[in-house]
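Note sheet for the following structure.
Remember, it's a predicted structure, so these values are computed and weren't measured experimentally.
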Amino acid sequence: MSTHTSMGSITITTSPRQEFAAGVVHCLPLVAGAVPFGFLLGSLAAKAGLSALDMGLMSALVFAGSSQFVAVELLDKGSAGLAVVGAILLVNLRHLLMGATLEPRFRGVPRARAGLALFFMTDEQWALALRRGPELTLAYWYGVAATLYLAWLASTVAGTLAGALIADPAAWGLDFTFIAVFLCLLAGFWRGARSLPPWLASAAAALAVHALSPAGTWHILAGALAGGAVAALQAKGQGRAQDA
């Protein structure tokens, strides 16, 4: 057992191999939800006219389920390429806030290595990284990333190949997998009553913006900003209380 330093500059006594294996194991429950989610995306992509190669390239280069669903929907409607790219960027703007929360854990990591690692940041990856806390290591990060990335790539391509066999994905319950995965992630962040204000603010903002613009994706960004703002105010108020 070797000693090494984590991304948050906390010394721990596990080897990179053990950390990588821990990341794989901790990711497996999420993979169980991500696979049918990816299969559904591939099925919808096939109906939109995308080939297995198209879907494989999208999953490999974008690797973001929410924005890929939006992209497939827009492609199915015949939207222009720039509109699809713009929608993907808009949906993924929340990653700016997510990345900011990981900054303390990536402190001390060279920018090139950090940039490569952050390519694999998804909602699931981010959630596991936060739960790992200051003991997060690059080996653990890549254990999660490799497992989720390969499972997502394989499931979306498989869904595209089998797309013609699934007339109604909802009849199989595949449309609920997206909701189920994020409910599980949310439950993992429950820290008592103090967790409610950011969640409620995020939900209220997202629902309000979606009601005003149901065809767009601005509600995703609105929810992220509202929840982040309330959480920041909570942290600021807690800091003042401690100082007093």
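- The CG atom of D54 sits 8.5 Å away from atom OG1 of T160, with the distance rounded to the nearest 0.5 Å.
- A single hydrophobic cluster is seen to contain both F119 and M98, as judged by linkage of ILVMFWY side chains at heavy-atom distances under 4.5 Å, directly or through other members.
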* **Check against side chain to side chain contact (heavy atoms under 4.5 Å, CB included), L130 and T101** => CA-CA 8 Å; L130 284 190; T101 64; 4.1 Å; yes

* Trace of the side chain to side chain contact (heavy atoms under 4.5 Å, CB included) decision for L161 with M55 -> CA-CA 10 Å; L161 291 172; M55 190 72 257; over 6 Å; no

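- Residues S67 and V62 come closest through the heavy atom pair OG-CG1, 3.8 Å.
- With hydrogens and angles ignored, the 3.5 Å screen pairs no side-chain donor or acceptor of W126 with any backbone N or O of M121.
- For A162 against F39, the heavy-atom pair with the smallest separation is CB-CZ, 3.7 Å.
- Between M58 and A71, the shortest heavy-atom distance links the atoms CE-CB, 4.3 Å.
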* To do: Using the side chain to side chain contact (heavy atoms under 4.5 Å, CB included) rule, take W141 and R105 through it: C-alpha gap first, then chi angles, then the decisive distance, then the call.
  => CA-CA 11 Å; W141 176 274; R105 293 166 177 80; over 6 Å; no

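- When side chains are defined from C-beta on, L116 counts as touching Y142, because their heavy atoms get closer than 4.5 Å.
- Annotation: the span from L102 atom CG to L118 atom CG amounts to 7.0 Å, rounded to 0.5 Å.
- Note on L61 and L74: separate hydrophobic clusters, where clusters join Ile, Leu, Val, Met, Phe, Trp and Tyr whose side-chain heavy atoms are under 4.5 Å apart, directly or indirectly.
- Although no hydrogens or angles enter the test, the distance criterion places a donor-acceptor pair under 3.5 Å between the side chain of Q18 and the main chain of S15.
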Taking only distance into account, with no hydrogens and no angle test, what donor-acceptor pairs under 3.5 Å do side-chain atoms of residues 147-154 form with protein atoms, sequence neighbours excluded?
from	atom 1	to	atom 2	distance (Å)
T147	OG1	G143	O	2.8
Y149	OH	A60	O	2.9
W152	NE1	Q68	OE1	3.0

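- Side-chain contact check for Y140 versus F20: every heavy-atom pair is 4.5 Å or farther apart.
- Not counting sequence neighbours, the partners of T122 by the side-chain hydrogen bond (donor to acceptor under 3.5 Å, both in side chains) test are E124.
- Between L44 and F69, the shortest heavy-atom distance links the atoms CD1-CE2, 3.6 Å.
- Taken to the nearest 0.5 Å, the CG atom of L128 stands 11.5 Å off from the CG atom of D123.
- Atom NZ of K47 sits about 10.0 Å away from atom CG of D76, to the nearest 0.5 Å.
- With rounding to the nearest 0.5 angstrom, the CG atom of L207 is 11.0 Å from the CG atom of L212.
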* Which is it for R132 and H26 under the side chain to side chain contact (heavy atoms under 4.5 Å, CB included) test, yes or no, and what are the steps along the way? -> CA-CA 10 Å; R132 191 67 170 173; H26 291 174; 3.5 Å; yes

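- Here the straight-line distance linking atom CG of L41 with atom OG of S59 works out to 6.0 Å at 0.5 Å rounding.
- Heavy atoms only, all atoms of each residue included: A139 and E19 are closest at CB-CB, 3.7 Å.
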